[in-house]
Amino acid sequence: MEKDSKIYVAGHRGMVGSAIIRELNRQGYTNIVTRTHSELDLTRQEKVEAFFAAEKPEYVFLAAAKVGGIMGNAVAKADFMYENMILEMNVIHSAWQNGCKKLEFLGSSCIYPRLAPQPMPESCLLTSSLEQTNEAYALAKISGLKYCEYLNGQYGTDYISVMPTNLYGPNDNYHPNNSHVIPALIRRFHEAKVENKETTVCWGDGTPLREFLYVDDLANLCVLLMNTYSGSETVNAGTGKELTIKELTELVAKVVGYKGRIEWDTTKPNGTPRKLLDVSKAKKLGWTYKTELEEGLRLSYEDFLNNPVRVER
């Protein structure tokens, strides 16, 4: 990408999209195109086609998605599949129709099988069944990745994909029911601290192992890949480190300053037992993460405190 190349970031108000904007600005890119949801509903094919025909972006970062935690994915499977599938296909197809030089599709590590080999290499995609709690979301993301691959094969496009591990950081969603684990814990422990609660209940039994990547580190990789990587196989984005949900919960409580007791509701689902990405491919491309978990949690909590409007989103 040239510094004045026309770059469209889809989903620029979300956690990932806003981080990509910050990274593009940091690196001196000057011609960035964005649209809010009210300005452009990506699930409306005719609107997306009109936007691409008018703007003709040279490069596209597709970071827009309907996202949520275990509860959201479990109770709204049809919504998660439909909205993600439709918006992905609309954007990718319109980019191709309008001569986009390169598109980068942002996925999720949930695309890999529930019992994939650990750490999970890019090559394990579609080798066995998915985790049931987020199957609908995963199927939509797999479809987006595969559509990019098929366009590359059939029409010679240069469309790539990146699959991040669990993300956290500035501009996260702290909704009490529809957020991922770190923002959910930040909100829960903050409210417990403010209300002087002696006990806080968390889902599951705390045993699943998870990997977490600070979103600005992902954005750095996204820009690097757009400039240096071509290929239909996705690229994993993670730290290569994992910890139990129990360890994570205790660390979040420490950062927030909650001193009470943590109890576990074992009637609630754990999700996939382990999700660690093999990040050797990204390392060979010259990238590694920079932000350690405790520092990233501190920055995330500061963001939560400074941006209360997003708490109710």
Side-chain angles (χ1 to χ4, degrees), residues 1 5-12 14 16-17 20 24 33 40 42-43 45 48-49 51-53 55-67 80-113 120-127 130 134-165 167 218-219 221-238 277-279 281-282 285 287:
M1 296 185 294
S5 295
K6 196 170 197 178
I7 303 168
Y8 171 48
V9 180
H12 75 286
V16 174
I20 291 172
L24 289 170
V33 177
L40 177 60
L42 296 178
T43 66
Q45 183 177 0
V48 177
E49 289 177 346
F51 164 77
F52 273 88
E55 291 291 341
K56 301 284 187 182
E58 299 171 84
Y59 298 90
V60 173
F61 290 89
L62 179 42
K66 179 180 176 63
V67 298
F80 273 84
M81 172 169 267
Y82 175 79
E83 291 189 33
N84 283 297
M85 191 87 76
I86 290 295
L87 75 84
E88 292 165 7
M89 293 299 159
N90 285 344
V91 172
I92 297 168
H93 187 70
S94 290
W96 167 65
Q97 283 187 316
N98 288 277
C100 174
K101 291 181 180 178
K102 193 163 189 173
L103 178 143
E104 183 175 293
F105 175 68
L106 274 292
S108 165
S109 60
C110 72
I111 66 167
Y112 294 124
M120 298 181 288
E122 290 86 353
S123 59
C124 75
L125 180 66
L126 295 175
T127 55
L130 298 164
N134 56 21
E135 183 182 63
Y137 180 73
L139 286 170
K141 287 296 184 180
I142 291 169
S143 297
L145 181 159
K146 283 294 182 180
Y147 187 44
C148 289
E149 176 186 326
Y150 298 152
L151 284 173
N152 290 346
Q154 187 172 349
Y155 294 106
T157 53
D158 186 10
Y159 291 0
I160 62 174
S161 63
V162 56
M163 294 298 132
T165 189
L167 299 169
L218 169 66
L221 173 62
C222 288
V223 176
L224 173 69
L225 292 177
M226 190 67 101
N227 281 316
T228 63
Y229 178 71
S230 293
S232 290
E233 187 179 69
T234 190
V235 179
N236 287 340
L277 290 181
D278 180 342
V279 294
K281 186 173 181 179
L285 293 168
W287 176 87

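The chain is numbered in sequence order, starting from 1.
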- Message: Within the structure provided, determine whether L24 and M1 are in side-chain contact (heavy-atom separation under 4.5 Å).
- Response: yes
- In short, C222 meets L106 closest at the heavy-atom pair SG-CD1, 3.7 Å
- Query: Minimum heavy-atom separation for M85 to L139, with atom names?
  - Reply: CE-O, 4.5 Å
- Message: Below 30° counts as parallel, above 60° as perpendicular, anything between as tilted: where do the rings of Y155 and W96 land?
- Response: tilted
- Is there a side-chain contact between S161 and E149, using heavy atoms and a 4.5 Å cut-off? no
- Taking NZ, NE, NH1 and NH2 as the nitrogens, is one of them in E58 or K6 under 4.0 Å from a carboxylate oxygen of the other? no
- Message: With a 4.5 Å cut-off on side-chain heavy atoms, are Y229 and L224 touching?
- Response: no
- Task: Report yes if some heavy atom in the side chain of Y112 is under 4.5 Å from a heavy atom in the side chain of L277; otherwise report no.
- Result: yes
- To the nearest 0.5 Å, how far apart are OG in S108 and CG in N84? 10.0 Å
- So do L125 and T234 actually touch side chain to side chain, heavy atoms under 4.5 Å? no
- Step by step, would you call K141 with E88 a side chain to side chain contact (heavy atoms under 4.5 Å, CB included)? CA-CA 8 Å; K141 287 296 184 180; E88 292 165 7; 3.5 Å; yes
- Item | Residue pair I160 / K102, side-chain heavy-atom distance below 4.5 Å | yes
- Note on the structure: Correct closest heavy-atom pair for V279 and G238 would be CG1-N, 3.4 Å
- Taking all non-hydrogen atoms of both residues, which atom of N134 and which atom of C110 are closest, and how far apart? ND2-CB, 3.5 Å
- Item | Contact check, side chains of P164 and L218, non-hydrogen atoms, under 4.5 Å | yes
- Item | Chi angles and distances behind the side chain to side chain contact (heavy atoms under 4.5 Å, CB included) call for L42, N90 | CA-CA 7 Å; L42 296 178; N90 285 344; 5.8 Å; no
- Taking atom CG of L145 and atom OH of Y159, what is their separation to the nearest 0.5 Å? 14.5 Å
- Message: How long is the straight-line distance from SG of C148 back to CG of L103, given to the nearest 0.5 Å?
- Response: 5.5 Å
- Message: Taking the ring centre of each residue, are F51 and Y8 less than 6.0 Å apart?
- Response: yes
- Item | Heavy-atom check, side chain of M163 versus side chain of S109, under 4.5 Å | no
- Item | D158 (side chain) donor-acceptor with S230 (main chain) under 3.5 angstrom | no
- Rounded distance [0.5 Å steps], CG in N98 versus NE2 in H93: 9.5 Å
